[in-house]
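Notes to accompany the following structure.
In the text below, chain A, chain B and the rest are named by the order of the sequence lines, each starting its count at 1.
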Amino acid sequence: MTLYEELQARGLLAQLTDEKEIADLINAGKATFYIGFDPTADSLHVGHFMALTLMKRLQQAGNKPIALVGGGTAMIGDPSGRTDMRKMMTVETIDHNVECFKKQMSRFIDFSDNKALIVNNADWLRNLNFLEFMRDIGSQFNVNEMLRARCYVNRMEKGLSFLEFSYMLMQSYDFYRLYKDYGCQMQFGGDDQWSNMLGGIDLIRKKEGKDAYAMTINLLLKHDGTKMGKTAGGAVWLDPDKYKPYDFYQYWRNVDDADVLKFLRMMTFLPLEQIDEMDKWEGSQLNEAKRILAYELTSMVHGEDEAKKAEAGAKAVFMGTGSLDTVPSVELKDEDFNENGAIDIITVLVKSGQCSSRSDARRSITKDHSISVGDKKIDDFTYEIKKEDIPEEGLLVKKGKKNIKKIVRA
RNA sequence: GGGCGGUUUCCCGAGUGGCCAAAGGGGACAGACUGUAAAUCUGCUAGCGAUGCUUUCGGUGGUUCGAAUCCACCACCGCCCA
């Protein structure tokens, strides 16, 4: 099976400018391609991770990836598929985010010996001269065409600033620069980037008279079409401090039945034959597939040790076997306890992050009846936990079945 | 630049002087059922020292016993005209 066939079989491919040409180039393992990442936060999230796995698959086949970090484009904000304008970020924030991105990427992609490059478009975008750029690059773009681009449809009703409209020019210019400076002839990315990528191809053709190619991968969507990787608290981050490995594991362990196989194909590096075997599983058997999915992804993102710990923690909580060592814990210091050496349950719930406020905690106790400490259901919001009742290995505080924290004495 | 319309709680969206912490829907969270699934049904969704109190309806100031609702100014946005 060729690399191209594998990408296809994994359900990754969305749109391609020239299927045969792209297949030949990447199968031969000689291609240089790039994927852009705009540093809109101080950590990558699962959507980025998808793109990184694609990058890795191509790199393993001998192709050379360029990870383009958008320190310049982040100053504008990509309007593609959005209904509102992005928040403006300061240069300091952007540069900080760029550094965070670089660190996370290099854990996953091999940048040694020039096997992959990481570049920042701030290097060329931030010092552009407006008039020169407009004469040189802006003149190549046709507004009528741009307005027809599907990525702007949402914004046609809500309004689109010129700043954001010009995003396509910036991304096109990136591609052009990478083509000239690194011989990069392909751009890959999420399917929402299609229009921007085509812009770059046109620019290269107009300026250089040469062909370049674009390929998009399917966005990580659930079977109902909603985006994966979003939770109440925000995105599912790859940074272990922003999103605990245990929670990361649980996130994937809890995907819908209808999505497990799809995600296994798209995200993991397990052989397709093995995944096809799992495809035959049904009903509660799928729990095993989810376990594998969660383990594989946690292992890739946080390392095998963390994956094992997360799995052990899950076993302890849901099967009642094994140690509770890896359940996310909350340390209680001496000053957290009152003069009687006790701490009230509401404070604990807020401290652990399981409830967003004292009122929320109170509701969970008196209305939802969803709080339990150890094995005891708590119905009284004045309930206190005595310091000496917290065993050395910690005490489990549960909100519902899945939201579990362990409190320990500092 | 001119005319008209808009800005509501996580999101959409109702509310045009007291009965408004604000309808309805979505999402999130929780309960039942399950397989740490889905579907379904139910509850819940500003804060707090909690049968009460405090803050919230773009911003500031005003009218009023009382304002999300009325007035003035400001900001931002949309549509139409230029």
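Under 4.0 angstrom from either OP1 or OP2 of G31(B) there lies no side-chain N or O belonging to K377(A). Between G47(B) and S357(A), a contact under 4.0 Å exists linking OP1 or OP2 to a side-chain N or O. Within the structure, a side-chain polar atom (N or O) of R358(A) is placed less than 4.0 Å from OP1 or OP2 of G49(B). Side-chain N/O atoms of R363(A) include none lying less than 4.0 angstrom from OP1 or OP2 on A30(B). For the pair S359(A) and C48(B), the criterion of a side-chain N or O lying under 4.0 Å from OP1 or OP2 is met.
Of the N and O atoms on the side chains of N121(A) and R177(A), not one donor lies less than 3.5 Å from an acceptor on the other residue.
The residue A258(A) sits apart from the nucleic acid: no heavy atom pair falls under 4.0 Å. Among the protein residues, V255(A) comes within range of the sugar-phosphate backbone only, with heavy atoms under 4.0 Å from sugar or phosphate atoms but none that close to a base. As judged by a 4.0 angstrom heavy-atom cut-off over every strand, N254(A) is placed among the base-contacting residues. Nucleic acid contact for Q285(A): none, since no nucleic acid atom lies under 4.0 Å from a heavy atom of the residue. Residue contacts shown for K399(A) are limited to sugar-phosphate atoms, with no base heavy atom under 4.0 Å away.
Using a 4.0 Å cut-off between charged nitrogen and carboxylate oxygen, D389(A) and R409(A) do not count as a salt-bridge pair.
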For residues 300-313 of chain A, run the donor-acceptor check on the side chains, cut-off 3.5 Å, and write out each pair with its distance to 0.1 Å, sequence neighbours left out.
unit_1: E311(A); atom_1: OE2; unit_2: Y249(A); atom_2: OH; d: 2.9
unit_1: E311(A); atom_1: OE2; unit_2: R291(A); atom_2: NE; d: 2.9

Residues 201-208 of chain A, side-chain donor-acceptor partners within the protein, below 3.5 Å, at least two apart:
unit_1: D202(A); atom_1: OD1; unit_2: R205(A); atom_2: NH1; d: 3.4
unit_1: K206(A); atom_1: NZ; unit_2: Q140(A); atom_2: O; d: 2.8
unit_1: K207(A); atom_1: NZ; unit_2: D136(A); atom_2: OD1; d: 2.5

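Side-chain atoms of D360(A) and base atoms of G47(B) include no donor and acceptor less than 3.5 Å apart.
If you measure from atom CG of D368(A) to atom P of A32(B), you get 11 Å, rounded to the nearest angstrom.
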query: With Watson-Crick and G-U wobble geometry limited to distances under 3.5 Å, how should the secondary structure of RNA chain B be encoded in dot-bracket form, using | for bases paired to another strand and [ ] for crossing pairs?
result: (((((((..(((.....[.....)))(.((((.......)))).)(((...)))...(((((..]....)))))))))))).
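Picking from U36(B), U45(B), G49(B) the nucleotide with the shortest atom distance to the side chain of R362(A) gives G49(B). Of the candidates G35(B), G47(B), A30(B), A30(B) carries the atom nearest the N403(A) side chain, counting heavy atoms from C-beta on.
C79(B) and U69(B) have their P atoms separated by 26 Å, given to the nearest Å.
Distance CD1/I217(A) to CG/L16(A): 11.5 Å, rounded to 0.5 Å. Note that the CG atom of D379(A) and the CD1 atom of I371(A) stand 10.5 Å from one another [nearest 0.5 Å].
Residues Y213(A) and F33(A) place their aromatic rings such that the two centres sit no closer than 6.0 Å.
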